[in-house]
Amino acid sequence: MCETEKLKNFFKEENYLDTVENRYCLRKDYTDINNIREFLSQNAKNSYKVFLRAFNEIKFGYYNLENSGEFSFPYGEEFEEKYIIELRLFNENEEILLQKNDDMSSYKARIIIDDVDKDVKDIQKIITVDDASTLFGKRTIDNRINGDFVKLKESGRKISLTIPSEHRAEYYALITRSYITFDEKTGQAGISYYRYLDIKPEVK
């Protein structure tokens, strides 16, 4: 049995999504980034959903390449770059991840592009597995947001989260993709890194 089939059997038993695949992927790493918007203007080639983690908040939104590379958040709010700890721009084909360095004065970045042509330089053939993690809360009506967003609210704990989605459902899930590598000495498989893929309705 090949390694891919072994992993398919394992992840099926562990209730992961049945999406274990061999892919040609391209990963690029960057250091010492001082200006997030400038970096994105050079490297963001599509439109994305966005996850932002700052010192004082976390929130989801969009990055719209067709709209001059502008961010949009559910209540029209802006953000100050200096407060950002982590920023993810993601879609089904790629993710751009920026994280603040330990010196807190610059950022490191990682770009992952999936399903690229096998003749592209520096690509890696790697096994991936997708998983769905339920987001807390149930959809509730909020007339302050437009149809590109959905507000989830957990009434028991009185907490809420507004997510980017044009679909209407009661519950939603964050889809992630993990990248499996093998230890050269032991042959043991493990998750080397992961990325955000999408936010989709979940059927319960």
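Side-chain atoms are counted along with the backbone in the values below, which use heavy atoms only and exclude waters and symmetry mates. The shown structure was predicted, so the numbers you read here are calculated from the model rather than taken from an experiment.
Around the CD1 atom of I159, the shell of radius 6.0 Å holds more than 12 heavy atoms that belong to other residues, nucleotides or ligands. Heavy-atom neighbours of Q42 CD from other residues, nucleotides or ligands within 6.0 Å: above the threshold of 12. For CG of D183, the number of neighbouring non-hydrogen atoms (other residues, nucleotides, ligands) closer than 6.0 Å is greater than 12.
Relative ring orientation between F60 and F90 is described as perpendicular, the plane-to-plane angle rising above 60° on a 0-90° scale split at 30° and 60°.
With I126 as reference, T181 is the one residue of T181, N22, I180 to meet the side-chain contact (heavy atoms from CB on, under 4.5 Å) rule.
Closest approach of S165 and Y172 over heavy atoms only: OG-CE2, 3.6 Å. Considering every non-hydrogen atom in both E166 and D148, the closest pair reads OE2-OD1, 3.5 Å. A pairwise comparison of heavy atoms in K82 and F55 identifies O-CE1, 4.0 Å as the closest pair.
The NZ atom of K59 sits 10.0 Å away from the CZ atom of F149 when rounded to the nearest 0.5 Å. With rounding to the nearest 0.5 Å, the separation of CG in D32 from OG in S105 is 8.0 Å. The line from CD1 of I191 to CD1 of I127 is 12.0 Å long, rounded to the nearest 0.5 Å. Taking OH of Y48 as the start and CG of D198 as the end, the distance is 14.0 Å to the nearest 0.5 Å.
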Q | Step-by-step side-chain hydrogen bond (donor to acceptor under 3.5 Å, both in side chains) determination, D130 to Y194 | A | CA-CA 9 Å; D130 295 353; Y194 73 95; over 6 Å; no
Q. When you look at K49 and E92, which way does the salt bridge (Lys or Arg N to Asp or Glu O under 4.0 Å) test go after all the steps?
A. CA-CA 10 Å; K49 291 176 181 175; E92 290 192 352; over 6 Å; no
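Salt bridge absent: R23 and D114 never bring a charged side-chain N and a carboxylate O closer than 4.0 Å. Between K138 and E170, at least one side-chain nitrogen of the basic residue sits less than 4.0 Å from a carboxylate oxygen of the acidic one, meeting the salt-bridge criterion. A salt bridge does not link R177 to E95: none of the charged nitrogens lies less than 4.0 Å from a carboxylate oxygen. Salt bridge R88/E86: present, at least one basic N to carboxylate O contact under 4.0 Å.
The six-membered or imidazole ring of Y30 lies near that of F39, with a centre-to-centre distance under 6.0 Å. Aromatic pair F51/Y196: ring centres closer than 6.0 Å.
A cation-pi arrangement, defined by a distance under 6.0 Å to the six-membered ring centre and an angle within 45 degrees of its axis, is present between R27 and Y193.
Inter-residue side-chain proximity for I111 and N43 is flagged as met; some heavy-atom pair is nearer than 4.5 Å.
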